[in-house]
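Comments concern the structure below.
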Amino acid sequence: MFRPKIPTMPTPTGPITPTGPITPPAVVEPTTVVQHHPTPTSAPASAATTRPTVRLTPGTALALVGAGTAVVLVVGAVLVSMLLAVAVTGASVAVCAVVIRSLIASQHRR
């Protein structure tokens, strides 16, 4: 199962030399490339349709700036609230650790 499978070589067709059998070169036949040009029965539809250019009017520019500002403010508020949540959690864990340490120390004094 784990032994490599060695491919079998076909029997040599030419004379055997010290470096191995001589095989005739492969014959490569050229292929022809045929290009088909469709006959236009009607005007192509893609030539008639052009993509509309984007025009920025003062109203759309103001809307883009407002939307960008809103996105920045929302992402900033989310990040600040996450940072505040981590800070409050860390502070509460620190207070709990101090209280538990003082309780354990007061039991040892009695």
Side-chain angles (χ1 to χ4, degrees):
M1 180 171 148
F2 294 107
R3 292 185 180 173
K5 297 193 179 197
I6 301 171
T8 58
M9 294 291 293
T11 58
T13 56
I16 297 178
T17 61
T19 59
I22 297 175
T23 57
V27 178
V28 178
E29 295 192 18
T31 59
T32 58
V33 177
V34 179
Q35 294 181 354
H36 296 283
H37 297 289
T39 57
T41 56
S42 64
S46 62
T49 59
T50 58
R51 299 178 83 188
T53 58
V54 177
R55 294 184 183 175
L56 286 178
T57 61
T60 57
L62 187 62
L64 285 174
V65 168
T69 304
V71 167
V72 167
L73 289 176
V74 167
V75 169
V78 168
L79 291 177
V80 167
S81 65
M82 289 172 65
L83 180 65
L84 184 62
V86 169
V88 167
T89 303
S92 64
V93 168
V95 168
C96 289
V98 168
V99 169
I100 290 173
R101 183 177 178 188
S102 67
L103 287 174
I104 291 174
S106 66
Q107 283 183 352
H108 288 292
R109 289 184 191 158
R110 290 185 191 176

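We're numbering straight along the sequence, starting at 1.
Other members of a hydrophobic cluster containing Val65 are absent, since no ILVMFWY side chain comes under 4.5 Å of it, directly or through relayed contacts.
Checking each of Leu56, Leu64, Leu62 against Thr60 for a side-chain contact (heavy atoms from CB on, under 4.5 Å) leaves exactly one that passes, namely Leu56.
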Which atom pairs, one a donor and one an acceptor, fall under 3.5 Å between side chains of residues 88-98 and the rest of the protein, sequence neighbours left out?
residue: Thr89; atom: OG1; partner: Ala85; partner atom: O; Å: 2.8
residue: Ser92; atom: OG; partner: Val88; partner atom: O; Å: 3.3
residue: Ser92; atom: OG; partner: Thr89; partner atom: O; Å: 2.8

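For Ile104, the side-chain contact (heavy atoms from CB on, under 4.5 Å) partners at least two apart in sequence or on another chain are Ile100, His108.
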